[in-house]
Asks: 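Please find one structure pasted underneath; my questions will follow.
Since the model is a prediction, treat every value here as computed from it, not as a measurement. Worth knowing before you read on, the calculation uses all heavy atoms, side chains too, and leaves out hydrogens, waters and symmetry mates.
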Amino acid sequence: DGRSRAPGFQQPPAAVLLPTPARPSHVCKAVCPGGAVITRPRQVLGQGPHPPPWPTLASRSRCLGAALPPRPQTGRGGHLNITVRCRQDTDAAVLHSSGLRSRGAAAVRGPLPEPGASVEVAGLRQEAAGEVAVLELRGRLRAGRRYVLQLGFQGWLEEDLDGLFLTRYTDQGRSSMLVASQLEPTYARTVYPCFDEPAMKATFNIRIVHDPSYVALSNMPAIDVSEMKDENGSLWTVTTFNTSLKMSTYLTAFVICDFDYVTRTERGNEIRIWARKEAVKNGYVDYALNITGPIFSFLEDLLNVSYPLPKTDLVALPDFGAGAMENWGLMTFQESSLMYLPSDKFTSRKAMIAIIVSHELGHQWFGNLVTMNWWNDLWLNEGLSSYFEYLGATFVEPKLPLDKIFYDHVVQPVLREDNEIGVRSLSESEDKIKGSFSLMSLFDSITYNKVKNTKFFLFFVYSKLMSYLKEFSFSNANQDNLWTHIQMVIDAQDEVHLPVSVKQIMDSWTCQNGFPVLTLNLTTGTISQEHFLDKKNENSTDSYNNTWIIPISWMRNGSSQPLIWLDKSSKVFPEMQVSESEYDWILLNVNLSGYYRVNYDQLNLKRLARLLENDPKAIPAVSRFQLIDDVFALTQFGYIQIETALELTKYLAREDELFIWNVVLLNLVPEDLESTLKSYEVYPLLKKYLLKRMLPIYHYYAGFIRQNVDALEDDYFAQVYLEKLFATACWLGLQDCLNLSSELYAKWMDNPEYKIPFLIRRTVCCYGVAVGSDKEWNFAWEMYNHTGSTKEDKDILLSAMSCAKESWLLYRYLQYGLSDTLFSSNCTSIIILYVVTKDIGHRIAWEFVTENWPLLSERYDKQPALGSLYFCGSLASSSIFMCEL
């Protein structure tokens, strides 16, 4: 019954859904001043006051549902039964509810199993500020007895991608629509009244009434599909789903669509990938189907815990704000995160899909089976899943350099973010989050990536995760529960000895913000630590005097050494003292195994620089990456001088790793390569210093571009970073790069069916126009207006046309930008911004804006025009120009 239906009349696909939370196993407890224990839903943190302090239901609940037809366009509604067990006598029940209206009379049946028993309801009051509904009773619910809360509700279908939402799309040339849900973190209360807390788990019996031309999906398999007529005689389909496993409200999920799917079965788990009919027909989701089952099996074997559901649906949504969501049994994805074109020869897109799918599958254990007690320990869901995403992706794509991808895409970015003032710690108290953060702000790179950068933690993780998962299955845990299980591993072996308990070690990383920088003195063998902060910023001070308990991996003269621990602010390690030989060197944090930066003394830096010039491969690639990134970060934050950092880059002519070259360019080359106006001092120095060191790696890849670009289809970093390398080479005036761009662009002009190599297409188009004449510019204009041009094609050409070196071409381009018939209004400001960043375009764009200011500000409102002024001002080089501005 879960197959896509033939397309029919396109009315909103969902009439009603009936989720029914059941058997929450926990409630939020609070102690009254008099000592009595009450229970109540928490507020949405960061919003509104606390909910009213009426004692509520301690929940063991079970729900049943029934559906009601909605309004014909945007309405939806339903009915729910919540079975609860009362822990304490009470005359009120408080549930989460936001933006919903009651429908019909609320009722309370029970106590169960007394036939016909009920408690009279005095009223149902919605409190918008606290996002709660208060069910007031004329009688009392008695402790230890079970009751059924019965409520009808109705709401609206919005197109805002949160809660239960409507989205429109085109499939096979036809307009269509679907309904889907996104309930994390606290949107379940906007869909149905519930106890919307992660620790209040329940089983759910869900029934959805929907248009017959659509299929309804939820967490569990459908067990019945029937028909019903409403009071107007309209026919509806009723899809009833099997009882769910015990889970949190934010994991309930609903999709009502007319998609097709592909399917396979893995170890009894029916896996279906749903997508637009056109995408399924063209094979765009075949890759996702082929990897999902093997990743499932890999994780089951690794964790030794079976996946407990009989089916798994993955749905590719044309528009989805969350990117991907791990709903148990019904995962949802932005379709670009799940689709791979069979004609795509390159692996970078495969890597992205494999990582995202692995992450969501990891959540089936970390988050769904075992859920954090509350959102302040969100990293237990996201951090662990983020670690296993790389293991799963490596399993299905063993050729990918996922270790290097991990350090480049995860470690380096989070190190840069985690040193900013005001960044929170990984685990915060509930009270602090209530006062300082919104829940959505917790879904950041700190939560997803920080803990998986602590390899000490990960070394022990999966050896004891089986017992952690089994003890807390269908329940909740906090970080201390995890530390307890890791401690059990430590206590049961003799290989590793810790200076203190696992909790003390890990709390120093999860309960403090930021991270340390270690300073090594080779003469004395002293290693000291301090909070890595910007010394150039007066407000950036370590007021907390943070100290971490740090495991240090290290090597001496190329040989790995035993792990050592720094458990105080400074400590002497005699084994770190070196001889006078220039070949005696130390490397800390080998392969970025720890979450910290290293500041070496001048003696060791000179020895490392010499080693790199003589034999760069003596230092592992990831450690070379780390050395470069560390020294530039230390320069930026005032720990060392730029000359010291540049010492470590002298060897670069012998560096053949693109991901290391990218971190060099990230630190040395302006982000905006198109203009030298603000780089007039550094540009000639870069041209002299950097270009000669780039030549070997440039010529290596230029050979592939000219002769056999398909040979790079398995070179992940070429697909990600080759454009930056070539753009920098052309920007620095490398003649071969300019000639290559001209050659490839001329090939395209001679044969418009020719495909410029995707890896450097933006650079080729820009410099093909730049070294050409109006002939090349006119061809770009013609191809921009070609009906077969994709959105990405148009964006590349829009930028390329601003690369022209002749003033009159740029002025004509700006004039074209004013035409309503040639461009949409939002393109006008984009064209101005592209032109203003070019050397010769800066003054031309400024004169154009001043001449046309009345028209720009009138036609396009102030914002786009003011944006143009802002960029003009950011490149201002004189006080006279600033006065004109």
Side-chain angles (χ1 to χ4, degrees), residues 23-29 39 42 45 58-60 184-186 195-203 244-251 299-300 302-308 326-328 359-389 425-433 439 442-443 446-448 450-452 454 457-491 501-507 509-511:
R23 283 208 186 95
S25 59
H26 296 83
V27 292
C28 170
K29 294 183 178 179
T39 58
R42 287 189 187 86
L45 299 182
S59 354
R60 291 215 37 102
E184 188 180 34
T186 56
F195 299 110
D196 198 11
E197 294 288 347
M200 300 182 77
K201 291 192 170 186
T203 59
S244 79
L245 301 178
K246 192 175 173 184
M247 63 184 184
S248 303
T249 50
Y250 78 87
L251 292 172
L299 291 174
E300 280 188 327
L302 183 67
L303 300 168
N304 199 21
V305 177
S306 298
Y307 177 67
E326 66 267 20
N327 313 302
W328 222 354
H359 180 94
E360 303 309 323
L361 294 186
H363 271 306
Q364 306 308 297
W365 287 266
F366 303 104
N368 299 5
L369 184 65
V370 178
T371 311
M372 75 272 148
N373 270 335
W374 198 65
W375 301 103
N376 59 319
D377 274 335
L378 177 63
W379 74 266
L380 287 174
N381 286 19
E382 300 299 346
L384 292 173
S385 295
S386 294
Y387 176 63
F388 282 95
E389 74 189 25
S425 63
L426 185 61
S427 181
E428 296 279 7
S429 69
E430 292 186 30
D431 289 339
K432 187 170 182 180
I433 292 175
L439 287 184
L442 299 178
F443 291 80
I446 304 298
T447 291
Y448 281 75
K450 183 170 182 175
V451 76
K452 67 181 177 182
T454 309
F457 163 77
L458 299 174
F459 177 78
F460 298 108
V461 155
Y462 44 70
S463 61
K464 205 58 186 176
L465 280 178
M466 179 179 68
S467 67
Y468 167 79
L469 288 170
K470 288 188 174 179
E471 179 172 341
F472 297 101
S473 287
F474 308 106
S475 186
N476 300 78
N478 58 37
Q479 67 174 21
D480 284 352
N481 299 133
L482 183 57
W483 305 155
T484 299
H485 281 260
I486 296 177
Q487 188 69 56
M488 291 164 59
V489 180
I490 300 295
D491 294 342
S501 70
V502 170
K503 176 175 169 56
Q504 287 175 280
I505 294 170
M506 295 310 301
D507 281 357
W509 294 97
T510 62
C511 297

Asks: For H363, enumerate each residue passing the ring-ring contact (aromatic ring centres under 6.0 Å, His included) test, keeping only those at least two apart in sequence or located in another chain.
Replies: H359
Asks: side-chain contact (heavy atoms from CB on, under 4.5 Å) between T371 and F366: does it pass, once the steps are laid out?
Replies: CA-CA 7 Å; T371 311; F366 303 104; over 6 Å; no
Asks: Drop me the distance from N327's CG to E360's CD, to the nearest 0.5 angstrom.
Replies: 9.0 Å
Asks: In sequence, state the C-alpha distance, the side-chain angles, and the governing distance for W365 and Y307, and then conclude on side-chain contact (heavy atoms from CB on, under 4.5 Å).
Replies: CA-CA 8 Å; W365 287 266; Y307 177 67; 4.0 Å; yes
Asks: Could you go step by step and tell me if Q487 and I490 meet the side-chain contact (heavy atoms from CB on, under 4.5 Å) rule?
Replies: CA-CA 5 Å; Q487 188 69 56; I490 300 295; 4.0 Å; yes
Asks: Should the ring pair H485 and F472 be called parallel, tilted or perpendicular, given that the plane angle runs from 0 to 90° and is split at 30 and 60?
Replies: perpendicular
Asks: Among residues at least two apart in sequence or on other chains, which ones pass side-chain hydrogen bond (donor to acceptor under 3.5 Å, both in side chains) with Q479?
Replies: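 For Q479, the residues satisfying side-chain hydrogen bond (donor to acceptor under 3.5 Å, both in side chains) (neighbours in sequence not counted) are W379, D507, T510.
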Asks: If I compare all heavy atoms of C511 with all of S425, which pair ends up nearest, and what's the gap?
Replies: C-CB, 3.7 Å
Asks: From T203 OG1 over to F474 CZ, what is the distance, rounded to the nearest 0.5 angstrom?
Replies: 11.5 Å
Asks: To check you understand the geometry: which heavy-atom pair defines the closest contact between N381 and V370, and what is its length?
Replies: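 For N381 versus V370, the nearest heavy atoms are OD1-O, 4.1 Å.
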Asks: Can you measure from CD (E326) to CG (L361) and round to the nearest 0.5 angstrom?
Replies: 11.0 Å
Asks: Salt bridge (Lys or Arg N to Asp or Glu O under 4.0 Å): which pairs involve residues 466-490, sequence neighbours left out?
Replies: D480-K503
Asks: Working to the nearest 0.5 angstrom, can you tell me the gap between E389 CD and L299 CG?
Replies: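 Atom-to-atom, E389:CD and L299:CG are 11.5 Å apart.
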Asks: Minimum heavy-atom separation for G362 to S385, with atom names?
Replies: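 Heavy atoms only, the tightest pair is C-OG, 3.6 Å.
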Asks: Going through the checks in order, is the side-chain contact (heavy atoms from CB on, under 4.5 Å) test met by Y468 and I486?
Replies: CA-CA 9 Å; Y468 167 79; I486 296 177; over 6 Å; no
Asks: Under the side-chain hydrogen bond (donor to acceptor under 3.5 Å, both in side chains) criterion, do T249 and D196 qualify, and how do the steps go?
Replies: CA-CA 6 Å; T249 50; D196 198 11; 2.6 Å; yes
Asks: Does any non-hydrogen side-chain atom of N373 lie less than 4.5 Å from one of P198?
Replies: no
Asks: Do you see a donor-acceptor pair shorter than 3.5 Å between the side chains of D377 and S427?
Replies: yes
Asks: For residues S501 and W483, determine if any side-chain heavy atom of one lies less than 4.5 Å from a side-chain heavy atom of the other.
Replies: no
Asks: State the OG1-CG distance between T484 and D491, to the nearest 0.5 angstrom.
Replies: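 T484 atom OG1 to D491 atom CG measures 10.5 Å (nearest 0.5 Å).
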Asks: Atom OG of S248 and atom CG of N476: how far apart are they, to the nearest 0.5 Å?
Replies: 5.5 Å
